[in-house]
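Here's the structure, in structure tokens; my notes come after.
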Amino acid sequence: MAKKAPSQPALHKVIMVGAGGVGKSALTLQFMYDEFVEDYEPTKADSYRKKVVLDGEEVQIDILDTAGQEDYAAIRDNYFRSGEGFLCVFSITEDDSFAATQEFRDQILRVKNDENIPFLLVGNKCDLESKRKVTLDMSQRRAAEWRVPYVETSAKTRANVDKVFFDLMREIRSRKLDEQKVSNGKGKDKSKRKKLKCCLL
Amino acid sequence: MDNVKNLVQNSGTLESLEEERGRLELLGKKTSTQLKRTLETEMSKISVMLEEQRLVLDTLLHLSVLGNRPPGRRTSLASGGSEFDDDEEEEEDDDPKKLARSSMSKLEGIQGARKFLEDPTKEMLFNSPLMELDGNTNQPLRPVHMYLLNDCVLIVIESKMGGAPLTSMLETSLPLNTIAWVNVRDLQGIRNAFKAEQRIFQCDGSELKSEWLQAFERAKKGQVRLKSKIPSRKVKSQAGATKNKDQVSGDVETSSASFTWSDLSEESGSEVEGGMEEEKEAIYTSRYLSEVREKSGLPDWLLDLPDKMEVLIAHRAFKDAVDLLEKSQEYFKDSPPTSDNALALCIHRQMGKKERALLRALTWDLRVMPGKAIQGGSQTTKTAVSLLMRLHKAKLACNLYLSRRETCWQEAMKFVRLEDATQLYVQKVSALFFRQMSETLRDFPKLFPKQNHLHLFLIKWMSEQRIPVLSTIPHIIWQRRLQLCKDLIDGWLICFRNAVFWDVNGCSGGDSSCVACIIGLSSILQESLPISKAVRLHLADMGLDMTCLLDKRLDKEVESVITYSRDQLLEAVRVRAQADKWRPFNLQNKEALKKFLDGMRNLGFQDVGTLVYEEVWVSLTENVINFSKSFLSFTSDAAKLACSPTLRPLCTAAIAGILTEEMRHILAVSRKSQSKDQVEFMKKNGGFILNRVVPLAATRYEEIVQLPCPELYVAQAEAAKSLGLPLSPSLSRFL
């Protein structure tokens, strides 16, 4: 968002969105600390930062774990505004949480005003296959419709946890490189994004 | 027990028994851990549920009373239930609320925080100093103080302007209903931090951080509770704009006055904080309104008015805003909002708030901050004044305008430096002063037409203005610097004349108060006399005695000048008379004589040549010649001041007094003198003064004051009598 300090590695800002109880925090904590927290406590808005090596390059990931039950749409918008990429999480065991992804998607697109914002549709709790309510086909169709990747994860077994975060970071990174090309390396990030926005519009 | 018995019987050896014991212990341990974990989970779930229950109960309390106070709370106020009170954060009882309100005083002295301080709906929930961290490097950036109010967060920084001491300044205010508040769990070793709107703040200790997070949650719940009065607005777990809208239409059927009102009032509560969120809120509101507008029977333009007003005020389209406001007032005058029409009531209240916002904005345009440069030109002033008048705030506008003028002039004064050339300085200062005065006088009737009652403010203001230069005169006199004093007055007179004439030309005839003020100022001056006479009559018609008011202030200073000059001259008369040798004045050569004659001619003596004999001698003493010069000069000055009726007696008495004193000395010396020739010579000198200098002085006086100076004639006659000299039959031949 802001100008990068030369000494700091690139910072990618990821936002976890999704209905309450789908496992956003569990995914985050698994990614951050390799631990699975079974207890459920609703999140307000927590942020984490970690240095990781992305394809041989040291980068920082900033994860904003948002509340599934934010009462204020305005506040949620405000959170979304700061994100460069989104992991839109639902639970494959819960129909409602899948339905909610559409609203989250709409809201993000409205706030970011950008159809191509780095975005992954994530079906969590894939270890609970027996309780599956959302079929792979349904999810993939929705992802195709949005033209975003679909990945199934399990915060419990750590299946695909690193993948979703790294895939998203790659998208964010390539997006930033594109923007740099578009703006020919001039100006700050903010202005670049605005410019691109105008092009798209 | 059977189990144990079995076990003992079946197991033959001690080892197997030991093994069994170990297995049992392990099992026991496992069970207890499991139990503990389950219990913990249960506990946390219960606490979450309890919290939710509490919230629901709170919400129900609010819902059930529809404006009445919840039972058990503020019982003393419960009777006042008809008001749809929009108190935002109600604490458990009165005391915390009072405390929260009183702790608002912490905002005192913070630049820019005044509107929060003055807003009675605002309460302080929590505050502490924090360290703001740089978003990129996570290094400490600057210390801040954060205040959590019931509907917004204020960030106050210490700012240093130039060499001034540190002052607390409101850096920003963030509305609580949009603020993105993040608990920073992990930030590369940065502890106890949280984010607000992308900015990182670090607390001094984990306790403070958890207090902040709790306080923030509480505040947000207070907000949610407000919102939840509209059930649809309380977004369930999967909120979305579209769904939200659908729900709204369903809930419209059950709409009540309370929730409509609270919704709108809450929105306006954070009106200034603005931003995209506010706009979006407005959209929600208008969507919601669209559902009820048919029922309300209000015209469309009125329903959209609060939003429109807000936009207009934000865009500084104040004139349009006032137009709309007047339109709405007209509407409500014809059909006042009734209590059964909730929407009309609410819009009426909304418009009241917008009117206040508009007033604030306009007042802000006119206000001058001490120590700050004046913002906005005369057009801004003009617009703001005329709009304030339309909002029936003429008095406010008038006072703001006048204090603005005063500051303008004081600011301008700062650029005039006291330089060596006193007269130049005086001219500059006086020119500024009179320009300021006459500009004010010129603009005032245009800005405040048909507002005769406001003229009183103008006159009061004028009388309070410090008149520069004149006020310094007593000080200068004290220093016995007569020439400087003369310079001051001369400079002042020049500027005044310019200002007065310029102003009179620029003034339209009907501006009585304007002219009245000028006359008040000018009445001490000969230059303004023709105008003075004409307008004093007018002044009397208006019943204003400006002349008196201003003369009184000026006269005191002028009086001391006259007295001082007179005393100086009297002293000179005494000293010179004693030193006088009573010999004719020898000019030594023709050139000096020519110079002398020219000088006398310039003073008004046309035929001094008759006094010259033997080419270089003048049959007057040097003392008498000098006296004649200074007496004429004093008479001219005094005559200017004698234009003011209040000063006239003093002036004429001074003129006559000086003459008498001189004549007394001549008489005294001539009586003592032994030589007849010398007595004749003295009488000749005395005759010159009485028959040639006095008529000349009298003529000058009359020219200036347009009145004769009887005191001078009396003094002349008395002196002539005691010296035994005939008075010349016709004074005109000296003219």
Side-chain angles (χ1 to χ4, degrees), chain A residues 1-8 11 13 18-21 25 28-29 32-33 38-51 60 62-82 90 96-107 110-111, chain B residues 37 40-41 43-45 47-48 51-52 134-139 174-190 193-198 200 213 216-217 220-221 223-225 227-228 233-244 275-281 284:
Chain A
M1 188 117 190
K3 52 190 177 286
K4 286 158 223 151
S7 58
Q8 293 277 337
L11 177 64
K13 294 183 175 178
S25 301
T28 308
L29 293 173
M32 286 292 298
Y33 310 115
E38 209 152 354
D39 303 338
Y40 175 61
E41 193 192 325
T43 306
K44 309 268 157 56
D46 295 349
S47 84
Y48 301 85
R49 193 173 288 193
K50 192 180 185 179
K51 274 185 185 157
Q60 293 184 90
D62 191 284
I63 304 169
L64 177 62
D65 184 13
T66 62
Q69 310 89 332
E70 178 55 70
D71 293 317
Y72 281 87
I75 295 182
R76 208 197 329 240
D77 281 2
N78 228 344
Y79 285 127
F80 290 176
R81 208 160 279 141
S82 69
F90 68 94
D96 284 354
S97 73
F98 181 64
T101 58
Q102 183 66 55
E103 282 153 27
F104 282 108
R105 169 84 180 169
D106 291 345
Q107 201 170 359
R110 185 168 47 75
V111 172
Chain B
R37 192 180 284 172
E40 270 177 9
T41 319
M43 287 299 283
S44 81
K45 276 183 185 166
S47 79
V48 169
E51 185 56 33
E52 276 173 1
D134 186 293
N136 295 309
T137 63
N138 303 333
Q139 295 300 306
L174 308 165
L176 207 56
N177 56 2
T178 65
I179 191 170
W181 194 282
V182 177
N183 176 7
V184 177
R185 296 250 186 191
D186 190 342
L187 188 67
Q188 289 152 1
I190 303 293
F194 61 80
K195 283 191 202 173
E197 294 291 308
Q198 299 298 310
I200 310 174
L213 293 178
F216 179 70
E217 274 309 305
K220 219 171 105 176
K221 269 171 197 155
Q223 291 270 302
V224 172
R225 202 164 57 203
K227 287 269 170 186
S228 67
R233 299 280 306 267
K234 175 140 175 84
V235 183
K236 300 288 186 275
S237 60
Q238 306 97 12
T242 34
K243 194 167 178 178
N244 208 9
M276 287 178 72
E277 289 69 35
E278 254 344 277
E279 283 168 28
K280 202 150 56 54
E281 291 285 311
Y284 283 140

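These numbers were taken from a predicted model, which means no experiment stands behind them.
When atom types are taken as modelled, the side chain of Y79(A) and the backbone of W181(B) share a donor-acceptor pair closer than 3.5 angstrom.
There is no contact between E38(A) and chain B, counting heavy-atom distances below 4.5 Å. Proximity to chain B (any heavy atom under 4.5 Å) is shown, for F80(A), by neither the backbone nor the side chain. At a 4.5 Å heavy-atom cutoff, the contact between D62(A) and chain B is made by side-chain atoms alone.
We find the CG-NZ distance between L213(B) and K44(A) to be 8.5 Å, quoted to the nearest 0.5 Å. Residue E197(B) holds its CD atom at 8.5 Å from CZ of R81(A), rounded to the nearest 0.5 Å.
Pairing each heavy atom of L176(B) with each of I75(A), the nearest pair is O-CD1, 3.7 Å.
Using a 4.5 Å heavy-atom threshold, the side chains of R185(B) and S47(A) count as separate. A heavy-atom distance below 4.5 Å is found between the side chains of N138(B) and R49(A). Put simply, the side chain of V182(B) reaches to within 4.5 Å of the side chain of L64(A), judged on heavy atoms.
When each of I190(B), D186(B), L187(B), I179(B) is checked for heavy-atom pairs under 4.5 Å with chain A, D186(B) comes out on top.
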